[in-house]
Engineer: 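Structure provided below as structure tokens; questions to follow.
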Amino acid sequence: MDNRRVADIFSAMADILEIQDANYHRIMAYRRAAETIGSLGEPVEEIWHEERLTSIPGIGETLASKIDELMRTGEIEAYQKLKEAVPAGVVDMLSIPGVGPKSAARFWKELDLTTVGALEKAAEAGRLRQLHGFGAKSEQNVLDGIDFLKRRTGRTRLGDAWDLAQALLTPLRELPEVRQAATAGSLRRMRETVGDLDILVAATHADPVTRRFSSLPQVDEILLSGATKTSIRTREGFQVDLRILAPARWGTGLQYFTGSQAHNIRIRSLALERGLSLSEYALKREDGTEILCASEEEVYGALGLPFIPPELREDRGEIEAALAGELPKLVELADLKGDFQFHTTRSDGHHTLLEMAEAARARGLRYALVTDHSHGLGVTGGVDADALEIQRSEVDAVNAQLEGSFHVLLGVEVEVRGDGTLDLPDEVLQTLDLVVASVHTGLRQSREKVTGRMLNAIRNPHVDIIGHPTGRLIGEREGADLDIEAVIQAAAETGTALEINAHPSRLDLNDIYARRAAAVGAKLVISSDAHDVTGFDVLRFGVATARRGWVSPDDLINTLSLDDLLSWAERA
DNA sequence: GCCGTTTTCGGCCCGACTGTTTTCAGTCG
């Protein structure tokens with residue numbers, strides 16, 4: 001019974017309650033519980049065993065008893081009853097943009113529509129406009145929404161959203177009216193996927209910004225356009241929301257627009273406790289006078305809080321930590337002295353060892369670990385004992401050529417085979433500076449088997465780092481069914497570092513597991529997994545994931561000097 | 001349904017835009 005399943009059930013209960021027009025705050029209680037449990041690093045089953053459920057924020061006696069029921073019986077009676085009360089197809093209608101619980105309930109009760117398909121047919125037949133308050137336009141919006149649902153590609157990976165955002169920001173910044181322009185929303189919080197892209201602009205006049213934005217070549221369709229808010233859809237089906245505000249209100253605007261919604265609700269409650277009402281425009285005193293904030297520091301400062309970095313703004317305890325003066329010192333890109341996974345033409349990389357070393361050096365790194373694949377993976381030219389011996393002399397030559405300005409360490413990304421053994425013998429591994437062990441195949445093995453393989457690799461004294469531990473590819477495939485808690489505990493015991501693979505398709509470990517690992521004292525490492533000279537640029541996404549996981553410089557081996565790193569490699 | 005410097009009841013963030021019901025409800029973030 002994993003956390004995801006518990007979270008999904010509470011979320012589904014909230015959806016049904018919403019259609020039933022239940023008390024709004026009761027619905028929000030279910031939603032918050034779903035969010036919190038979904039982002040707990042610790043298994044909720046363990047917390048249940050230890051009878052600590054009500055220590056989870058947002059879990060009171062009632063929800064705790066529901067979790068207890070779920071753990072004991074595998075079901076929640078109240079959930080079964082809710083599912084019987086509202087047809088599943090009516091709940092599905094909530095995923096249609098523009099259709100909320102009120103509309104879905106009316107389609108069901110007044111027109112007897114119980115599936116999205118039936119709703120579509122009814123809209124095409126012009127039946128929706130029979131409803132009081134629905135006209136031809138609303139009917140068309142439902143059809144458009146269903147059409148979008150069919151075409152949608154889901155959430156976009158962080159890396160792609162980042163690239164699009166840069167492309168949209170540049171022309172806006174060129175306008176003379178624009179004082180500031182930035183991304184906000186989940187992209188600024190650096191979530192691993194982004195639903196809609198949020199762009200915030202501070203400008204002296206809004207109209208020229210709206211016009212420029214609406215006419216950008218990426219725009220396929222204008223969804224809505226008002227005085228300060230415009231939404232467009234790109235050809236790829238990606239929605240971009242633009243908000244324009246006065247420069248003096250930049251701080252409150254950026255704070256609001258960055259979210260998360262859960263974080264903002266907590267912050268606004270906190271403001272109310274201090275006799276202030278917070279909106280995207282200003283802090284308002286009870287007498288109606290405004291406090292304008294041109295920076296986010298001023299917003300948090302007015303509430304008696306230190307600045308909370310965007311990556312932490314998920315209502316995962318950051319507000320409590322800020323109030324207590326216990327926010328973590330988060331790692332920054334500039335803290336990284338080295339990278340711990342890159343590939344060359346010797347396996348599936350596209351550039352030579354020297355080219356890669358120079359690229360890493362150009363990005364401010366002091367050292368990097370070359371980790372071509374071991375031959376067992378079957379990639380072109382994977383390395384074996386002989387190849388590694390040759391590569392050792394290459395490394396020596398490159399280090400001599402770079403004259404101390406950069407240092408290449410010799411490693412390997414050794415395959416953890418299907419039976420849990422490594423693809424290279426210990427005699428070979430012990431000649432290397434550091435060893436990364438990764439699972440690429442057999443990801444669909446049973447939880448017991450795949451976890452056993454991983455633990456075997458962690459306990460091998462020659463293995464220093466576990467590469468992309470779960471093996472997931474965001475939006476493509478789930479990771480292995482790992483007992484991640486057992487992996488993290490074993491890593492902490494043996495001193496084996498767990499990788500945060502920085503590639504936007506991996507980000508593995510994710511923020512939640514990285515936080516759990518750091519909390520129990522396991523070492524972490526951010527690796528680019530670069531396969532060409534531009535591949536080191538993704539380190540920013542690895543750093544962001546670490547920051548979302550509350551990771552400090554001390555939790556990482558990347559922040560060690562070369563000498564300290566070599567000492568760490570010799571650890572018992 | 002949760003929770004407490006408003007403590008076991010009575011609150012629970014705030015505003016833009018749309019369509020339509022011409023004063024506002026619904027949806028979204």
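Per chain, numbering begins at 1; letters A, B, ... match sequence-line order. Both backbone and side-chain heavy atoms feed into the values below; hydrogens, waters and symmetry mates do not.
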Engineer: Would you give the length of the straight line joining atom CG of A/D2 to atom CD1 of A/I484, rounded to the nearest 0.5 angstrom?
Structural biologist: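 The CG atom of A/D2 sits 12.0 Å away from the CD1 atom of A/I484.
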
Engineer: In terms of side-chain heavy atoms, does A/E84 have a donor or acceptor partner in A/Q80 at a distance below 3.5 Å?
Structural biologist: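 On atom types as modelled, these side chains do not qualify, holding no pair under 3.5 Å.
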
Engineer: Both A/N264 and A/T230 contact DNA chain B. Which one's nearest nucleotide lies toward the 5' end?
Structural biologist: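 Looking at DNA chain B, the more 5' nearest nucleotide goes with A/N264.
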
Engineer: Roughly how far apart, to the nearest Å, are B/dT8 and B/dG1 at atom C1'?
Structural biologist: 14 Å

Engineer: Touch check for A/S225, heavy atoms < 4.0 angstrom, all strands: base, sugar-phosphate only, or nothing?
Structural biologist: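 Sugar-phosphate, backbone atoms only, no base.
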
Engineer: Go through the steps for A/I37 and A/I59 under the test side-chain contact (heavy atoms from CB on, under 4.5 Å), then give the verdict.
Structural biologist: CA-CA 9 Å; A/I37 289 171; A/I59 303 295; 3.9 Å; yes

Engineer: When the side chains of residues 92-110 of chain A are checked against the rest of the protein, which donor-acceptor pairs come out under 3.5 Å, sequence neighbours left out?
Structural biologist:
| unit_1 | atom_1 | unit_2 | atom_2 | d |
| --- | --- | --- | --- | --- |
| A/S95 | OG | A/D92 | O | 2.6 |
| A/K102 | NZ | A/D21 | OD1 | 3.4 |
| A/R106 | NE | A/E110 | OE2 | 2.9 |
| A/R106 | NH1 | A/H132 | O | 3.1 |
| A/R106 | NH2 | A/E110 | OE1 | 3.3 |
| A/R106 | NH2 | A/H132 | O | 3.1 |

Engineer: Using a cut-off of 4.0 Å on non-hydrogen atoms, how would the nucleic acid contact of A/A227 be classed: base, sugar-phosphate, or nothing?
Structural biologist: sugar-phosphate

Engineer: Between the protein and nucleotides 4-11 of chain B, list the N/O to N/O atom pairs that are separated by less than 3.5 angstrom.
Structural biologist:
none

Engineer: Between A/S269 and B/dC12, is there a contact of a side-chain N or O with OP1 or OP2 at under 4.0 Å?
Structural biologist: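 Negative; the distance criterion is not met.
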
Engineer: Can A/K150 and A/E120 be said to form a side-chain contact (heavy atoms from CB on, under 4.5 Å), step by step?
Structural biologist: CA-CA 12 Å; A/K150 289 178 182 168; A/E120 185 177 22; 2.7 Å; yes

Engineer: Please give, in whole Å, the distance from B/dC13 C1' to A/Y281 OH?
Structural biologist: 15 Å

Engineer: Enumerate the residues from residues 129-139 of chain A whose closest heavy atom to DNA chain B is under 4.0 Å, giving them by residue number; use none for an empty result.
Structural biologist: A/H132, A/G133, A/F134, A/G135, A/A136, A/K137, A/S138

Engineer: All N/O contacts under 3.5 Å from nucleotides 27-29 of chain B to the protein, with atom names and distances to one decimal?
Structural biologist:
| unit_1 | atom_1 | unit_2 | atom_2 | d |
| --- | --- | --- | --- | --- |
| B/dT27 | OP1 | A/G100 | N | 2.8 |
| B/dT27 | OP1 | A/G100 | O | 3.1 |
| B/dT27 | OP1 | A/S103 | N | 2.9 |
| B/dT27 | OP1 | A/S103 | OG | 2.6 |
| B/dT27 | OP2 | A/K102 | N | 3.2 |
| B/dT27 | O5' | A/G100 | N | 3.4 |
| B/dC28 | OP1 | A/G98 | N | 2.6 |
| B/dG29 | OP1 | A/D196 | OD2 | 2.9 |
| B/dG29 | N7 | A/Q261 | NE2 | 3.4 |
| B/dG29 | N2 | A/Y256 | OH | 3.1 |

Engineer: Does A/E50 reach the side chain of A/E46, with side-chain heavy atoms less than 4.5 Å apart?
Structural biologist: yes

Engineer: Looking at residues at least two apart in the chain, or sitting in another chain, which of them share a salt bridge (Lys or Arg N to Asp or Glu O under 4.0 Å) with A/R212?
Structural biologist: none

Engineer: CG of A/L224 versus C1' of B/dG15: gap in Å, rounded?
Structural biologist: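 Checked: the CG to C1' distance equals 14 Å.
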
Engineer: Identify whether any heavy atom of A/L278 sits under 4.0 Å from a base atom; if not, whether one sits that close to sugar-phosphate; answer base, sugar-phosphate or nothing.
Structural biologist: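 Sugar-phosphate, no base atom in range.
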
Engineer: Are the side chain of A/S260 and the backbone of A/R313 linked by a donor-acceptor contact shorter than 3.5 Å?
Structural biologist: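 Yes; judged by distance alone, with no hydrogens or angles, the pair exists.
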
Engineer: Using atom CG of A/L303 as one end and atom C1' of B/dC13 as the other, report the distance to the nearest whole Å.
Structural biologist: 13 Å

Engineer: Could you work out the separation of B/dA16 and B/dC12 based on their C1' atoms and round it to a whole Å?
Structural biologist: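 Roughly 22 Å separates the two C1' atoms.
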
Engineer: Which value, in whole Å, describes the distance between the P atoms of nucleotides B/dT6 and B/dC14?
Structural biologist: 16 Å

Engineer: Expressed as a whole number of angstroms, how long is the span from A/I67:CD1 to B/dC2:C1'?
Structural biologist: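 Atom CD1 in A/I67 sits about 13 Å away from atom C1' in B/dC2.
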
Engineer: For residues 172-180 of chain A, which side-chain N or O atoms pair as donor and acceptor with protein atoms under 3.5 Å away, sequence neighbours left out?
Structural biologist:
| unit_1 | atom_1 | unit_2 | atom_2 | d |
| --- | --- | --- | --- | --- |
| A/R173 | NE | A/A181 | O | 3.4 |
| A/R173 | NH2 | A/A181 | O | 2.8 |
| A/R179 | NH1 | A/P176 | O | 3.1 |

Engineer: Distance check needed: B/dC17 C1' versus A/N141 CG, whole Å only.
Structural biologist: 12 Å

Engineer: How long is the line joining CD of A/E286 and P of B/dC14, in whole Å?
Structural biologist: 11 Å

Engineer: Watson-Crick or G-U wobble partner for B/dC9, using a 3.5 Å limit on both distances?
Structural biologist: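 For B/dC9, the partner nucleotide comes out as B/dG4, under the 3.5 Å rule.
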
Engineer: Among residues two or more places apart or on two chains, list those pairs meeting side-chain hydrogen bond (donor to acceptor under 3.5 Å, both in side chains) that have a residue in residues 186-205 of chain A.
Structural biologist: A/R155-A/T193, A/R188-A/T258, A/R188-A/E296, A/R189-A/E314, A/E192-A/R472

Engineer: Using salt bridge (Lys or Arg N to Asp or Glu O under 4.0 Å) as the criterion, list what pairs up with A/D15, not counting sequence neighbours.
Structural biologist: A/R31

Engineer: Can you check the distance between B/dT23 and B/dC28, where both ends of the measurement are the P atom (answer in whole Å)?
Structural biologist: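 That atom pair is separated by 26 Å.
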
Engineer: Please confirm whether the backbone N or O of A/V44 pairs with a side-chain atom of A/N3, one donor and one acceptor, at under 3.5 Å?
Structural biologist: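 Checking the backbone N and O of A/V44 against the side chain of A/N3, a donor-acceptor pair under 3.5 Å is found.
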
Engineer: Taking only the side-chain nitrogens and oxygens of A/T62, find out if one of them lies under 4.0 Å from OP1 or OP2 of B/dC2.
Structural biologist: yes

Engineer: Once salt bridge (Lys or Arg N to Asp or Glu O under 4.0 Å) is applied, what residue pairs with a partner in residues 60-69 of chain A remain, sequence neighbours excluded?
Structural biologist: A/D68-A/R72

Engineer: Could you go through residues 275-284 of chain A and list every donor-acceptor pair under 3.5 Å that involves a side-chain atom there, pairing it with any protein atom two or more places apart or in another chain?
Structural biologist:
| unit_1 | atom_1 | unit_2 | atom_2 | d |
| --- | --- | --- | --- | --- |
| A/S279 | OG | A/Y281 | N | 3.1 |
| A/E280 | OE2 | A/R243 | NH2 | 2.8 |

Engineer: Please state how far atom CZ in A/R32 lies from atom C1' in B/dC13, giving the value in whole angstrom units.
Structural biologist: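 To the nearest whole Å, that distance equals 14 Å.
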
Engineer: Between B/dT27 and B/dT20, how far apart are the C1' atoms? Round to whole Å, please.
Structural biologist: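 Pairwise C1' distance, B/dT20 against B/dT27, rounds to 15 Å.
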
Engineer: Within the 4.0 Å heavy-atom criterion, would you say A/L63 contacts the bases, only the backbone, or no part of the nucleic acid?
Structural biologist: sugar-phosphate

Engineer: What is the distance, to the nearest angstrom, from the CG atom on A/L128 to the P atom on B/dG19?
Structural biologist: 15 Å

Engineer: List the residues meeting ring pair (Phe, Tyr, Trp, His ring centres under 6.0 Å) with A/H503, not counting sequence neighbours, and say none if there are none.
Structural biologist: none

Engineer: May I ask you to list the residues of residues 38-60 of chain A, by number, that have any heavy atom positioned under 4.0 Å from an atom of DNA chain B?
Structural biologist: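 Correct list: A/P57, A/G58, A/I59, A/G60.
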
Engineer: Rounding to an integer number of angstrom, what distance separates B/dC13 and B/dC17 when you compare their P atoms?
Structural biologist: 22 Å

Engineer: Compare side-chain N and O positions of A/T228 against OP1 and OP2 of B/dC17 and report whether any pair is under 4.0 Å apart.
Structural biologist: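 For A/T228, the contact criterion (side-chain N or O under 4.0 Å from OP1 or OP2 of B/dC17) is met.
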
Engineer: A/F148 ring centre to A/R233 NZ or CZ under 6.0 Å, with the angle to the axis within 45°?
Structural biologist: yes

